[in-house]
Amino acid sequence: MELSSMAMRVPIGVHNIIRRLQSSGFQTFLVGGCVRDLIQGKEPADFDLVTSAEPEETESLFHSVLDVGKRFGTVMVQHEGISAEVTTMRREDDYRDARRPDTVFFHKSLSDDMLRRDFTINALAFDGTKLFDFTSGLRDLHLKTIRCVGDPDRRFAEDGLRLMRAIRLAAELDFSIDSKTWDSVVNLAEIICRVSRERIRKEMERILLCDHPSVGLALLSASGILQLIIQVPELENVTLKSVDWGLVDQMEKVMVTRLAVFLLLLFGMDCILSEGFTHGGKEPIRGLLTKLSFPKRIVTPVVNLLSEVPRLPCFKDSDARRIVNRIGREAASQNFGFFSAAGALLGYPSEVTAGWVSKIQQTLLNDEPVGISDLAVTGHDLIEQGWVQGPAVKSALEYLLEMVLDDPEMNKKSVLLAHARRMMIME
């Protein structure tokens, strides 16, 4: 890509941040993934800058500056509706915690700053008119290769998350990993155990939501990293390297769907179908996802989806309504692909699983009654009929709901009240 074309793709607010720093006498460059994206003709998700200005000097030039790592030279500049991380050029001391340098030294050498970075394709700098490449990053972009800057062992020892980042970049960009870098990933895989679960989870999310997550999952498995970050008794004797992750690629780019299908493949149908695996107190899935710091808004629908799998072989029309009842309308509308994937793994032909999905879609489209709130009667109606307020009313409504889930045509006030009267007499 021509440099002028690259410059045109940078938002004016970012250009103005660069110009203000440069006009104040400070060298300033766009760096990292945003430069890589610009070269590839993509729209960067965010913009990172390095500058010879120290954090206090940057703060003096802008009205809105947030401390997001000032100790390490990084602040967030908010200017003209744009946010950009601005970091002082630096060298670094040893990394004893496999994440952060013990000491940083601010200086004014762009080349030194680039030589401390993780991968060559992330060690490119652009000042708005000129591109700087000290590590042959452009060559590796052309070769579609992920290669560490300098010694891979040292780069990974500095920050253990770089092991997963190399794999994630390979999956996102459809690149290969340089052999020396890959050997280091495999040999140093156990360093991942020193990385926080929150950081690991964020990389997993990015892998699962890329165009071809199967590439990243296969590399995680082949390196041994997947086995290290997912340690549960049910997987002790499972050979993950033989798993075909391709089914995940076919799913909608919805975290719950892809995570649920990933777990189907990870644990296998024998585990998922075993009694008490997804409910009944054992729940290794919930425990695993919680340990990996997935939020409840993700954990609950994933567990609910997997809990439906043992019921699928007996699928009837009424089961579509019961599925929506158990997992909720939103989860049902966003996870059609999950039911197709689960059916395929259970050995059902595509026309059968398509039928399941169609019935769930029709339940949603026709707004069929699936919950107590959808019933044509309320607890107040039953109390007026003579029911005593409390557990008995709740039980009666649940019984009426089961009738309606079997046959939505019964959801008429007169019909339901007649059944409620008979129930009261029987009691």
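Sequence positions, counted from 1, serve as the residue numbers for this chain.
- With a 4.5 Å cut-off on side-chain heavy atoms, V149 and M114 do not count as touching.
- F29 meets the ring-ring contact (aromatic ring centres under 6.0 Å, His included) test with F132; sequence neighbours excluded.
- Ring centroid separation for the pair W356 and F315 comes in under the 6.0 Å cut-off.
- In this structure the side chain of H79 reaches within 4.5 angstrom of the side chain of R20, judged on heavy atoms.
- Looking only at side-chain heavy atoms (C-beta outward), V31 and L124 stay at 4.5 Å or farther from each other.
- Comment: R199 engages D159 in a salt bridge, judged by a side-chain N to carboxylate O separation of less than 4.0 angstrom.
- The shortest distance between side-chain heavy atoms of L247 and L345 falls below 4.5 Å.
- A salt bridge does not link K144 to D174: none of the charged nitrogens lies less than 4.0 Å from a carboxylate oxygen.
- Two residues are said to be in side-chain contact when any heavy atoms from C-beta on lie closer than 4.5 Å; I323 and I360 meet this criterion.
- Salt bridge status for R168 with E172: present, with a side-chain N to carboxylate O gap under 4.0 Å.
- Ion pairing of R321 with D317 is absent here, as no side-chain N (NZ or NE/NH1/NH2) approaches a carboxylate O to less than 4.0 Å.
- In this structure the side chain of E398 never reaches within 4.5 angstrom of the side chain of E402, judged on heavy atoms.
- Remark: D67 pairs with no residue by the salt bridge (charged side-chain N to carboxylate O under 4.0 Å, His left out) rule, at least two apart or across chains.
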